[in-house]
Amino acid sequence: MLITDGPHGLRKQKDSQQGFSASEAVPATCFPTACTLASTWNRELMRAVGAAIGMEARVEQVGVMLAPGANIKRSPLCGRNFEYFSEDPYMSGVLAAAYIHGVQSKGVGASLKHFAANNQEHRRFTIDAIVDERALREIYFASFEEAIKAEKPWTVMAAYNRLNGEFCSEHSELLTSILLEEWGFDGLVMSDWGAVNQRAAGLAAGLDLEMPGLKGVHDERVIQAVNQGELPMEVLDRAVERVLRLIDKAAAGTSDPGEGDKGDHHELARLAASEGAVLLKNAGGILPLAIDQKVAVIGEFAKIPRYQGAGSSMVTPTRLENAFEAIAERLGGVDKVVYAPGYHSKTISVDEALIKEALEAVQQAEVVLVFAGLPDSYESEGVDREDMRMPEQHNALIEVVAAVNPNVVVVLMNGAPVEMPWHNQVPAILEAYLGGQGGGSAVAQLLYGEVNPSGKLAETFPLRWEDHPAHDCFPGGPRTVEYRESIYVGYRY
């Protein structure tokens with residue numbers, strides 16, 4: 001049985017024996033990430049995206065997709081927020097359910113993750129999330145409960161972290177009392193990769209499958225626990241039965257892989273990107289643009305788009321559009337568009353020469369389109385952001401351009417909220433989020449009024465980090481200014 005990553009597209013390694021390498025993955029449709037999809041508020045679209053991903057998985061003989069992620073966005077600084085839907089548990093639950101429905105309609109299993117209270121990347125292997133019962137039930141469990149009861153995912157993935165002192169992979173209340181007995185989950189419970197602490201204790205708590213395994217080390221410990229009477233044989237039998245049942249379901253689903261039309265899937269990815277973009281501001285009706293307006297396109301993201309997050313979910317797209325070419329196509333060619341990079345997408349410091357070039361370009365235009373946001377290094381699995389600021393070169397570029405030309409439209413490409421100290425200096429802001437492989441043309445459609453910007457935020461954008469309720473207690477532990485037992489949800493190590 002083959003299992004792969006895939007919240008926003010299939011990530012199947014060409015060689016299953018090698019380590020993670022996005023460049024060595026089978027090309028697949030890269031859909032917008034969960035933060036973008038959530039902003040569509042469109043369950044039918046979510047089902048369609050899930051079905052397309054499920055079909056591509058089935059063609060590649062993949063039995064289970066490690067998706068979706070239903071964790072709550074407790075803080076905008078979580079490095080993996082682009083993979084999650086919302087800070088609202090109901091929205092997270094219904095969208096996760098729609099995604100699961102789509103994937104499993106193609107005979108491929110979904111793995112709902114990361115259960116539970118997995119809301120940060122900083123010290124994610126050891127963090128202990130201290131959460132009271134009411135917060136767990138109303139916020140952190142609710143999205144999982146909704147999706148599990150509505151669509152019955154084939155598997156649920158236990159998270160790395162501890163929850164109120166116990167590792168999630170060996171938490172009997174979490175995996176047995178709540179998940180199996182209370183919610184009626186009858187699928188398989190697997191661990192996150194390398195999340196198992198004590199394998200025998202995990203089995204007893206309700207963890208059926210350890211991923212990716214430790215070359216038999218934990219198997220020997222399980223055998224020893226059974227032989228010494230520490231682990232009942234019926235507990236082991238229960239886990240074996242669930243593993244075999246999952247293998248049978250995956251085999252049935254992939255027995256007839258069929259064929260998929262990835263061309264249609266590209267159009268679906270573009271549609272999702274256009275529906276997920278949010279028009280944050282449009283003072284004076286500067287948008288939509290007119291074809292006869294002279295436009296300057298500023299910002300390297302216009303040509304080298306930020307279209308997905310970094311980490312285990314990275315997809316090798318079947319094709320990739322960029323906004324500059326899509327805009328130029330509408331205006332009659334690249335020679336009809338004034339362009340300046342403004343910054344280097346792989347660096348963070350201000351380049352005065354690029355700023356000067358951008359200022360010369362904007363003086364020739366009626367309207368300036370500035371593409372900015374967060375580079376890949378700012379948002380990734382395994383690390384949280386330090387603050388909500390964009391790179392200084394992006395902020396500086398917007399401010400100096402706005403001082404020269406009043407008709408500025410800022411197009412943001414990012415997977416989580418950012419501070420916008422210049423928001424009063426520009427008349428229009430389009431939050432494009434991470435739009436996947438069709439995001440470039442989707443942005444052009446929105447800017448020129450071919451598609452109505454209908455996206456709605458699924459998360460709060462604080463004006464500044466200090467406005468967020470978790471600003472003084474995230475991520476917890478050594479980086480917290482002061483640990484207080486009285487905070488609603490506290491984190492400690």
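Note that the structure is a prediction, hence the values are computed from the model and not measured. If you read the sequence from its start, that first residue is 1, and numbering goes on from there.
- E275 and T40 are not linked by any side-chain donor-acceptor pair at a separation below 3.5 angstrom, with hydrogens and angles left out of the test.
- Proximity of P7 to P68: side-chain heavy atoms (C-beta onward) are nowhere separated by under 4.5 Å.
- For the pair R162 and F167, the cation-pi test (distance below 6.0 Å, angle within 45°) is passed.
- Contact annotation: the side chain of D256 approaches that of R58 to within less than 4.5 Å [non-hydrogen atoms, C-beta and beyond].
- Here the rule is salt bridge (Lys or Arg N to Asp or Glu O under 4.0 Å) with K12, and of E24, E60, E56 only E60 fits it.
- A donor-acceptor distance shorter than 3.5 angstrom exists from the side chain of K456 to the backbone of S454, with no hydrogens or angles considered.
- Closest approach of A310 and F82 over heavy atoms only: O-CZ, 3.4 Å.
- Between the D208 side chain and the V189 main chain, a donor and an acceptor come within less than 3.5 Å of each other.
- Judged by distance alone, the side chain of T176 and the main-chain N or O of E173 form no donor-acceptor pair under 3.5 Å.
- E386 and L77 make their closest contact through O-CD1, 3.9 Å (heavy atoms, listed as atom of the first residue, atom of the second, distance).
- The distance from the CD atom of E419 to the CE atom of M388 is 5.0 Å, given to the nearest 0.5 Å.
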**Item:** Step-by-step ring-ring contact (aromatic ring centres under 6.0 Å, His included) determination, H394 to F301
**Value:** CA-CA 10 Å; H394 291 230; F301 279 179; 5.4 Å; yes

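- Annotation: side chain of I348 is not in contact with side chain of E392 (no heavy-atom distance under 4.5 Å).
- For the pair Y307 and E321, the minimum side-chain heavy-atom distance is 4.5 Å or more.
- For the atom pair CG of L457 and CG of D88, the computed distance is 13.0 Å after rounding to the nearest 0.5 Å.
- A distance-only check finds a donor-acceptor pair linking the side chain of E300 to the backbone of S345 [under 3.5 Å].
- For the residue pair S274 / Q445, no side-chain donor-acceptor distance below 3.5 Å is found, with atom types taken as modelled.
- Residues forming a side chain to side chain donor-acceptor pair (under 3.5 Å) with E151 (at least two apart in sequence, or on another chain): H101.
- Defined by atom type and a distance below 3.5 Å, a donor-acceptor pair is missing between the side-chain atoms of N119 and N71.
- With D128 contributing its side chain and N164 its backbone, the two residues share a donor-acceptor pair below 3.5 Å.
- R47 places no side-chain N or O within 3.5 Å of a backbone atom of S105 that could act as its donor or acceptor partner.
- The structure places OG of S191 at 15.0 Å from CZ of F115, a figure rounded to the nearest 0.5 Å.
- Rounded to the nearest 0.5 Å, atoms CD (Q437) and CZ (R319) are 7.5 Å apart.
- Each of H8, E83, E379 was evaluated against Q308; a single residue qualifies, H8, per the side-chain contact (heavy atoms from CB on, under 4.5 Å) test.
- In summary, the side chains of S92 and S143 do not present any donor paired with an acceptor at a separation below 3.5 Å, with no hydrogens or angles considered.
- Looking at M190 and L66, their side chains come closer than 4.5 Å, going by heavy atoms from C-beta outward.
- A salt bridge is defined here as a Lys NZ or Arg NE, NH1 or NH2 lying under 4.0 Å from an Asp or Glu carboxylate O, and R137 with E133 meets this definition.
- Judged by distance alone, the side chain of T254 and the main-chain N or O of V62 form no donor-acceptor pair under 3.5 Å.
- L412 places a side-chain heavy atom less than 4.5 Å from the side chain of M390.
- With respect to the salt-bridge test (charged N to carboxylate O, under 4.0 angstrom), the residues R134 and D132 do not qualify.
- In this structure the side chain of Q120 never reaches within 4.5 angstrom of the side chain of R124, judged on heavy atoms.
- Taking each heavy atom of D186 and R245 in turn, the nearest pair found is O-NH2, 2.9 Å.
- At least one donor-acceptor pair under 3.5 Å links the side chain of H171 to the backbone N or O of L163.
- Contact detail for W154 and G107: the closest heavy-atom pair is CH2-O, 3.4 Å.
- One distance of note links CZ of F371 with CD1 of I304; it measures 13.5 Å at 0.5 Å rounding.
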**Request:** For salt bridge (Lys or Arg N to Asp or Glu O under 4.0 Å), just list the numbers for E121 and R74, CA-CA rounded to whole Å, side-chain angles, deciding distance to a tenth of an Å, and then say yes or no.
**Result:** CA-CA 12 Å; E121 296 299 289; R74 177 176 178 261; over 6 Å; no

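- Without hydrogens or angle criteria, H344 side chain to T347 main chain gives no donor-acceptor distance under 3.5 Å.
- For the pair E170/R199, no side-chain contact is recorded, criterion being any heavy-atom separation below 4.5 Å from C-beta on.
- In this structure, Y160 and F125 have perpendicular ring planes: the angle between them is above 60°, well past the 30° mark.
- When all heavy atoms of H122 and D384 are compared, the closest pair comes out as N-OD2, 2.8 Å.
- Among all heavy-atom pairs drawn from G435 and A273, the shortest one is O-CB, 3.4 Å.
- For the atom pair D237 CG and R242 CZ, the distance stands at 11.5 Å (nearest 0.5 Å).
- Without hydrogens or angle criteria, Y99 side chain to R43 main chain gives no donor-acceptor distance under 3.5 Å.
- Looking at D376 and R306, a side-chain N of the basic residue comes within less than 4.0 Å of a carboxylate O on the acidic one, giving a salt bridge.
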